[in-house]
Amino acid sequence: MHQLMKKLYPICRSITGDGVRETLRIIQEVIPLKINEVPSGTKVFDWEIPKEWNIRDAYILDEDGNRVVDFKKNNLHVISYSIPVDKVVTLEELQNHLYSLEDQPDAIPYITSYYKERWGFCISHNQRKKLKEGKYRVYIDSELKEGSLTYGELIIPGECEEEIFLSTYVCHPSMANNELSGPVLTTYLAKWIISRPRKYTLRIIFIPETIGSITYLSRNLAEMKKNIIAGYNISCVGDERGYSYLSSRDGNTLADRVAINILTFNKLDFITYSFLERGSDERQYCSPGIDLPVASIMRSKFGEYPEYHTSLDNLELVTAAGLQGSLDIYKQCIELIERNETYKVNCFGEPQLGKRGLYPTLSTKESGRIVRDMMNFLAYADGEKDLVEISQLIHVPVWELFPIIDKLYQNDLISKMNT
C-alpha cells in the first residue's frame, strides 16, 4: 500500500481532469476497475458537473528570473481550478492572490476554488514574509474546458444481490493521509475481497469528493437503496495516532454496530464522532431521502490533525504500519458483516452438549471458558438478536464466536433466521 502511495503521490489531482484518470489507471493495474466519464454540464440532483480542469505548469518569477514559487516542485502551490494567467504584477497585487498559514509558517496550505473562477498561489508563510518589493511574473498554464468528471467503479458479485458499499475519493493533490490513504487501502481491501468466497456483492467506488458522490448517487440511487445493507466511506486511514469512528446520521445501522464492535474488541483507543462532525461523502450517503447505512472508520479524522490540508500531510505522516492496521480493521468489519446472522436455538432448555462431543471430558480453565461462551451464545440465540448484538451482550469478540457457531450449526443446535 505504501509503495502504491509513493507512486500516486506526485500526481496533481482535482475533482476532474487527467490527474484523476492517471490515478485510476494505476489503480486499475491492481484491481479490475471500470473507469466512467460523465460530461460537463450534466445535471446531478441539485448540482451540475463543472468544466474539466487540467494544469501543465505554474510559477512566480522575481525580477531576476528566479522561480520563487514552482508548481513542479509541489503541486499544492496552485489553487485547484485556478484559471490561466500570464502577467507581471506588483508585490501588493500579488499579495491578493497568495495564501499562507500564519500559525503553520512552514506549511503550504491546500486551497480550492471549484465553483468560482479565480487564480492564486499557496506558499508557506515564512516564504511569503521573504518576498521583496518589486515586480513579479505570475504564470499558470491551466485549462478549463467542456470535458467530463471521471470515477472508478468495481462491482464484485456475491451469492446474493444485497451489497456492502465502500467509497473513497481521488480528488486531492499531494496529501498522504487525507487523500491517498483511502484509495490505496480500498484498492488492497478490494484485492483481498476478490480472493475469497463472498455472501454479499461488493460495490466499490473511487470518486472525486462531494460532486463525485452526488454524481454516482444520481445514476445509481434506486439500486443502492434497494441493495446496500452496510457501507463505509474510507478516508484518513494511514497514520499511527489511534482510531476514529464517525457515525451515520442515525448512528445505529449495521455499519455503525459492526464498526463499534470491531474497534472495541480489538481494545483500540478510538474517538467517537457524531454525524454532526461529518465532513466527507457521508454527508451525501446519509442525507435525507438517500439514507444509506454508511459510517467511517479512520485514523486521525479529517480536520482534527494539524497536518490536515497542508503540505505537512506527506509520506512521512502515513506509514506502512498505519495502513496495515486500518486494513486489518476493515477486513474484520467485512468478515463480520459477511457472517452476521440472526440465530435461534433449536431446543427448549440447555442442549445436552456431552452427547454431541461439545462438552470437554477433561475440564481445564480454557475448556471451561469455551463452554461458558458457547452456553452464553445459546442463551441469547432467541431468533431476534443478531451476532453483533450477542457479541456485545456476552462480551466475547466475534472472531472467538465464529468456531463456536460453526460447531453448533454442524450439530443442528441453531438455525439461521430468514432476515
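Just so we're clear, the structure is a prediction, and the values are computed from it rather than from any experiment. Worth knowing before you read on, the calculation uses all heavy atoms, side chains too, and leaves out hydrogens, waters and symmetry mates.
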Asker: Inspect the surroundings of NZ in Lys43 and state if more than 12 heavy atoms from other residues, nucleotides or ligands are less than 6.0 Å away.
Answerer: yes
Asker: What I want to check is whether the side chains of Ser247 and Asp256 have a donor and an acceptor closer together than 3.5 Å.
Answerer: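 Judged by distance alone, the side chains do not pair up.
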Asker: Just how far is it from atom CD of Glu52 to atom NZ of Lys145, taken to the nearest 0.5 Å?
Answerer: 5.0 Å
Asker: So which pairs with a foot in residues 23-34 pass salt bridge (Lys or Arg N to Asp or Glu O under 4.0 Å), sequence neighbours left out?
Answerer: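 Counting only pairs at least two positions apart or across chains, the salt bridge (Lys or Arg N to Asp or Glu O under 4.0 Å) contacts touching residues 23-34 are Lys7-Glu29.
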Asker: For Asp269, does the CG atom sit with more than 12 other heavy atoms under 6.0 Å from it, leaving out its own atoms?
Answerer: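 Result for CG/Asp269: open.
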Asker: Could you grab the distance from atom CG of Asp18 to atom CG of Asn54, nearest 0.5 Å is fine?
Answerer: 4.0 Å
Asker: Do you know which two heavy atoms are closest between Asp281 and Ile207, and how far apart they sit?
Answerer: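 Here Asp281 and Ile207 meet closest at OD2-CD1, 3.7 Å.
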Asker: Report yes or no: does Ser287 contribute a side-chain atom to a donor-acceptor pair with the main-chain N or O of Ile290 at less than 3.5 Å?
Answerer: no
Asker: Just wondering, are more than 12 heavy atoms of other shown residues or ligands nearer than 6.0 Å to OH in Tyr273?
Answerer: yes
Asker: Between Lys73 and Asp70, does at least one N-O distance fall below 4.0 Å, as a salt bridge requires?
Answerer: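 No, no charged N to carboxylate O under 4.0 Å.
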Asker: Hey, are the side chains of Thr168 and Asn233 touching, using non-hydrogen atoms and a 4.5 Å cut-off?
Answerer: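 In short, these two side chains do not touch, never coming nearer than 4.5 Å.
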Asker: Name all residues meeting the side chain to side chain donor-acceptor pair (under 3.5 Å) criterion together with Ser82; count only those two or more places apart in sequence or in a different chain, and write none if there are none.
Answerer: none
Asker: State whether a side-chain donor-acceptor pair under 3.5 Å links Thr319 with Glu240.
Answerer: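 Short answer, yes.
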Asker: Would Arg339 and Asp406 count as a salt bridge (Lys or Arg N to Asp or Glu O under 4.0 Å) here? Give the steps.
Answerer: CA-CA 11 Å; Arg339 296 203 56 168; Asp406 290 342; 2.7 Å; yes
Asker: Do Glu163 and Ile229 have side-chain heavy atoms sitting under 4.5 Å apart?
Answerer: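 When only atoms from C-beta onward are counted, Ile229 and Glu163 do not touch, as no gap falls below 4.5 Å.
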Asker: Side-chain contact, heavy-atom cut-off 4.5 Å: Ile390 with Tyr343?
Answerer: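 Side-chain contact under 4.5 Å: no.
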Asker: Keeping Asn314 on the side-chain end and Glu316 on the backbone end, is there a donor-acceptor pair under 3.5 Å?
Answerer: yes
Asker: If you define the side chain from C-beta out and look only at heavy atoms, does anything of Met1 sit under 4.5 Å from Leu327?
Answerer: yes
Asker: Between Tyr330 and Ile297, what is the shortest heavy-atom contact and its length?
Answerer: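 What the structure gives for the nearest pair is OH-O, 2.8 Å.
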Asker: With no hydrogens and no angle check, just 3.5 Å: does a side-chain donor-acceptor pair link Asn177 and Asp313?
Answerer: no
Asker: Are there over 12 heavy-atom neighbours, none belonging to Asp46, within less than 6.0 Å of that residue's CG?
Answerer: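 Result for CG/Asp46: open.
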Asker: Flag the pair Arg249 and Glu282 as a salt bridge only when some basic side-chain nitrogen lies within less than 4.0 angstrom of an acidic carboxylate oxygen.
Answerer: no
Asker: For the residue pair Thr16 and Pro50, what are the closest heavy atoms and their distance?
Answerer: CG2-CG, 4.4 Å
Asker: Is the Tyr110 ring parallel, tilted or perpendicular to the His309 ring (thresholds 30°, 60°)?
Answerer: perpendicular
Asker: Pairing donors with acceptors under 3.5 angstrom, does anything connect the side chains of Ser300 and Asp239?
Answerer: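 There is such a pair (donor and acceptor under 3.5 Å, judged by atom type) between the side chains of Ser300 and Asp239.
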Asker: If you measure from CD1 on Ile164 to CD1 on Ile204, what distance do you get to the nearest 0.5 Å?
Answerer: 9.5 Å
Asker: Would you say Asn261's side chain and Arg257's backbone share a donor-acceptor pair under 3.5 angstrom?
Answerer: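 Not confirmed, Asn261 side chain does not pair with Arg257 backbone.
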Asker: Counting only heavy atoms not in Lys407, do more than 12 fall under 6.0 Å of its NZ?
Answerer: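 Counting neighbours around NZ of Lys407, 12 or fewer heavy atoms of other residues, nucleotides or ligands fall under 6.0 Å, so no.
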Asker: Does one side chain, of Asn346 or Ser415, offer a donor that lies under 3.5 Å from an acceptor on the other?
Answerer: yes
Asker: Given the ring of Tyr409, does Lys416 sit roughly above its face, with NZ or CZ under 6.0 Å from the centre of the six-membered ring and within 45° of the axis?
Answerer: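 So Lys416 does make the cation-pi contact.
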Asker: Would you say the side chains of Glu37 and Thr150 form a donor-acceptor pair under 3.5 Å?
Answerer: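 Indeed, the side chains of Glu37 and Thr150 share at least one donor-acceptor pair under 3.5 Å.
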Asker: Decide if the gap between the ring center of Tyr139 and the ring center of Trp119 is smaller than 6.0 angstrom.
Answerer: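 Distance test on ring centres: not under 6.0 Å, no.
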Asker: Determine whether a donor-acceptor pair (N or O, by modelled atom type, separation under 3.5 Å) exists between the side chain of Tyr169 and the backbone of Asn178.
Answerer: yes
Asker: Phe206 versus Thr187: any side-chain heavy-atom pair under 4.5 Å?
Answerer: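 With C-beta onward as the side chain, the pair touches.
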Asker: To the nearest 0.5 Å, what is the distance between OG1 (Thr201) and CZ (Phe165)?
Answerer: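 So the OG1 of Thr201 and the CZ of Phe165 are separated by 14.0 Å.
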Asker: Assess the residue pair Glu307 and Arg241 against the criterion (salt bridge (Lys or Arg N to Asp or Glu O under 4.0 Å)); give the C-alpha distance rounded to whole Å, side-chain angles, the decisive distance to 0.1 Å, and a yes or no.
Answerer: CA-CA 13 Å; Glu307 300 86 354; Arg241 291 175 176 158; 2.7 Å; yes
Asker: Would you mind reporting whether Val318 and Met5 have side-chain heavy atoms less than 4.5 Å apart?
Answerer: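 Yes; the side chains approach each other to less than 4.5 Å.
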Asker: Please give me the minimum heavy-atom distance between Trp399 and Pro403, naming the atom from each residue.
Answerer: O-CD, 3.5 Å
Asker: Any donor and acceptor pair, going by atom type alone, linking the side chain of Ser244 with main-chain N or O of Arg299 inside 3.5 Å?
Answerer: yes
Asker: Is any side-chain heavy atom of Leu312 less than 4.5 Å from a side-chain heavy atom of Gln104?
Answerer: yes
Asker: Are more than 12 heavy atoms, taken from residues, nucleotides or ligands other than Glu350, located less than 6.0 Å from that residue's CD atom?
Answerer: no
Asker: Using side-chain heavy atoms (C-beta onward) and a distance below 4.5 Å, is Val396 in contact with Phe377?
Answerer: no
Asker: Which residue in the set Glu162, Glu159, Glu338, Glu341 passes salt bridge (Lys or Arg N to Asp or Glu O under 4.0 Å) when paired with Lys199?
Answerer: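 One option only clears the test, and that one is Glu341.
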Asker: Crowded around Glu400 CD? As in, over 12 foreign heavy atoms under 6.0 Å?
Answerer: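 Enclosed.
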Asker: Kindly give the heavy-atom pair with the smallest separation between Ser148 and Arg21, and that separation in Å.
Answerer: OG-NH2, 3.1 Å
Asker: Can you tell me how far the SG atom of Cys236 sits from the CD1 atom of Ile234, to the nearest 0.5 Å?
Answerer: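 Between Cys236 SG and Ile234 CD1, I get 12.0 Å after rounding to 0.5 Å.
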Asker: Please confirm whether the backbone N or O of Arg196 pairs with a side-chain atom of Arg198, one donor and one acceptor, at under 3.5 Å?
Answerer: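 Yes, the answer is positive, given that a donor and an acceptor are paired below the 3.5 Å cut-off.
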Asker: Quick one: pull up CG in Leu185 and NZ in Lys331 and give me the separation to the nearest 0.5 Å.
Answerer: 9.5 Å
Asker: Taking Ser218 for its side chain and Thr215 for its backbone only, find out whether a donor-acceptor pair lies under 3.5 Å.
Answerer: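 Side chain of Ser218 to backbone of Thr215: a pair is present.
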Asker: Less than 6.0 angstrom separating the ring centers of Tyr59 and Phe121, yes or no?
Answerer: no
Asker: Is it true that Gln284 and Thr210 share a donor-acceptor pair across their side chains at a distance under 3.5 Å?
Answerer: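 Side-chain D/A pair, Thr210 to Gln284: absent.
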Asker: Which pair of non-hydrogen atoms, one from Ala176 and one from Tyr9, has the smallest distance, and what is that distance?
Answerer: N-CE1, 4.0 Å
Asker: When you look at Tyr285 and Ser167, which way does the side-chain hydrogen bond (donor to acceptor under 3.5 Å, both in side chains) test go after all the steps?
Answerer: CA-CA 10 Å; Tyr285 300 136; Ser167 176; 2.7 Å; yes
Asker: Asn75 and side-chain contact (heavy atoms from CB on, under 4.5 Å): which partner among Pro173, Ser311, Pro10, Ser80?
Answerer: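 Result for side-chain contact (heavy atoms from CB on, under 4.5 Å) with Asn75: Pro173.
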Asker: Could you check whether any side-chain N or O of Asp86 sits under 3.5 Å from a backbone N or O of Ile140, counting only pairs where one atom can act as donor and the other as acceptor?
Answerer: no
Asker: Is a side-chain N or O of Asn227 found less than 3.5 angstrom from the main chain of Met224, in a donor-acceptor match?
Answerer: no
Asker: Check whether Gln332 reaches the backbone of Ile329 with its side chain - one donor and one acceptor, N or O, closer than 3.5 Å.
Answerer: no
